[in-house]
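Side chains are part of it too, since the values below use all heavy atoms of this structure and drop only hydrogens, waters and symmetry mates.
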Amino acid sequence: MSQTIEITILSAENLQENKKAIKGNTFVTVQCDGSNNEVSTTKLDSEGGSYPTWNEKVVIDLPLHARFVTIEVKYKTRGSSSNSVGIARVPVSDFLGGYVHENQLQFLSYRLWDNRVMRNGVVNISVKVKMSQQNSCSSSMSSTMNGVPVTGVPVAGNGSCSRVATGIPAVWLNYQRHI
């Protein structure tokens, strides 16, 4: 099982190589841990120099056991090789399982670290967690009560949307009476 996320690589700032501004030909690779080496790559930015912009969407399937998404900014050298400018490890908890709902866009910025563990710029991204099939079933059963949206959870564990439970979860405590 996995969760689909859409990451838009927006831009980067203050990229350097040996304390000199990068001239251009930068691109970004995106990979999540536990994804069997599946790497997504953006197009090459040849004009931005040390302040490149890509504005490119990358859709990846994030395994449920993944803890990080690795974003690496690289630049092409004169040959066919490429050098790393810096890496940002984005915790999955920054956009999953918190207070942000699915299909809500989040804008995030992360510090890039080079291979000598020195600060080397910032990468700007946006992340949207795509709605899963399980939640799309329950949201299709949502209704409104006095203009306020009401959503429910399917009662049957088989994914059936025929019956939906709504309400506020309650915690039952055992109280002992003192005699």
Please lay out, stage by stage, how Val127 and Phe107 fare under the test side chain to side chain contact (heavy atoms under 4.5 Å, CB included). CA-CA 7 Å; Val127 179; Phe107 291 93; over 6 Å; no

Under the side chain to side chain contact (heavy atoms under 4.5 Å, CB included) rule, what do Val129 and Gln3 come out as? Steps first, then yes or no, please. CA-CA 8 Å; Val129 178; Gln3 181 78 38; 3.3 Å; yes

Should Val59 and Ile5 be marked as a side chain to side chain contact (heavy atoms under 4.5 Å, CB included) after you check the CA-CA gap, both sets of side-chain angles, and the distance that decides it? CA-CA 6 Å; Val59 177; Ile5 60 171; over 6 Å; no

Rounding to 0.5 Å, atoms CZ (Arg119) and CG (Leu112) come to a distance of 12.0 Å

Are there over 12 heavy-atom neighbours, none belonging to Arg111, within less than 6.0 Å of that residue's CZ? yes

Hey, any chance Phe68 and Val30 share a hydrophobic cluster, counting ILVMFWY side chains that come within less than 4.5 Å of each other, even indirectly? no

Qualifying residues under side chain to side chain donor-acceptor pair (under 3.5 Å), relative to Arg116, sequence neighbours excluded: Asp114

So how far is it from Lys76 NZ to Arg78 CZ, rounded to the nearest 0.5 Å? 15.0 Å

Without swapping roles, check the side chain of Asn120 against the backbone of Val85 for a donor-acceptor pair under 3.5 Å. yes

When you compare the side chain of Lys130 with that of Glu6, does any pair of heavy atoms fall below 4.5 Å? yes

Just wondering, do Cys32 and Pro63 contact through their side chains at under 4.5 Å, heavy atoms? yes

Distance (rounded to the nearest 0.5 Å) between Trp113 CH2 and Ile87 CD1: 12.5 Å

Any residue meeting side chain to side chain donor-acceptor pair (under 3.5 Å) with Asn25, in chain and number order, not counting sequence neighbours: none

Which pairs would a plain distance check flag for residues 13-20, meaning a side-chain donor or acceptor within less than 3.5 Å of a matching protein atom at least two apart in sequence or in another chain?
from: Glu13; atom 1: OE2; to: Asn124; atom 2: ND2; distance (Å): 3.0
from: Asn14; atom 1: OD1; to: Gln16; atom 2: NE2; distance (Å): 3.2

Do Ile125 and Thr8 touch side chain to side chain, with heavy atoms closer than 4.5 Å? no

Which heavy-atom pair separates Gly24 from Tyr75 by the least distance, and what is that distance? O-CB, 4.0 Å

Rounded to the nearest 0.5 Å, what separation is found between the CD atom of Gln31 and the CZ atom of Arg89? 11.0 Å

Output for pair (Phe27 CZ, Thr29 OG1), nearest 0.5 Å, gives 7.0 Å

Would you tabulate the side-chain donor-acceptor contacts of residues 39-49 under 3.5 Å, counting partners in other chains and residues two or more places apart, or write 'none'?
from: Thr42; atom 1: OG1; to: Val28; atom 2: N; distance (Å): 2.9
from: Lys43; atom 1: NZ; to: Trp54; atom 2: O; distance (Å): 2.8
from: Asp45; atom 1: OD1; to: Glu47; atom 2: N; distance (Å): 3.4
from: Asp45; atom 1: OD1; to: Gly48; atom 2: N; distance (Å): 2.6

Thr4 meets the side chain to side chain donor-acceptor pair (under 3.5 Å) criterion, sequence neighbours left out, with Asp61

Under the side chain to side chain donor-acceptor pair (under 3.5 Å) rule, collect the residues that match up with Ser84, sequence neighbours excluded. Glu72

Could you tell me the separation between the CD1 atom of Ile7 and the CG atom of Leu62, rounded to the nearest 0.5 Å? 8.0 Å

Transitively linked via ILVMFWY side-chain contacts under 4.5 Å: Leu96 with Ile60? yes

Please determine whether residues Val58 and Leu10 belong to a single hydrophobic cluster, defined as Ile, Leu, Val, Met, Phe, Trp and Tyr linked transitively by side-chain heavy-atom distances below 4.5 Å. no

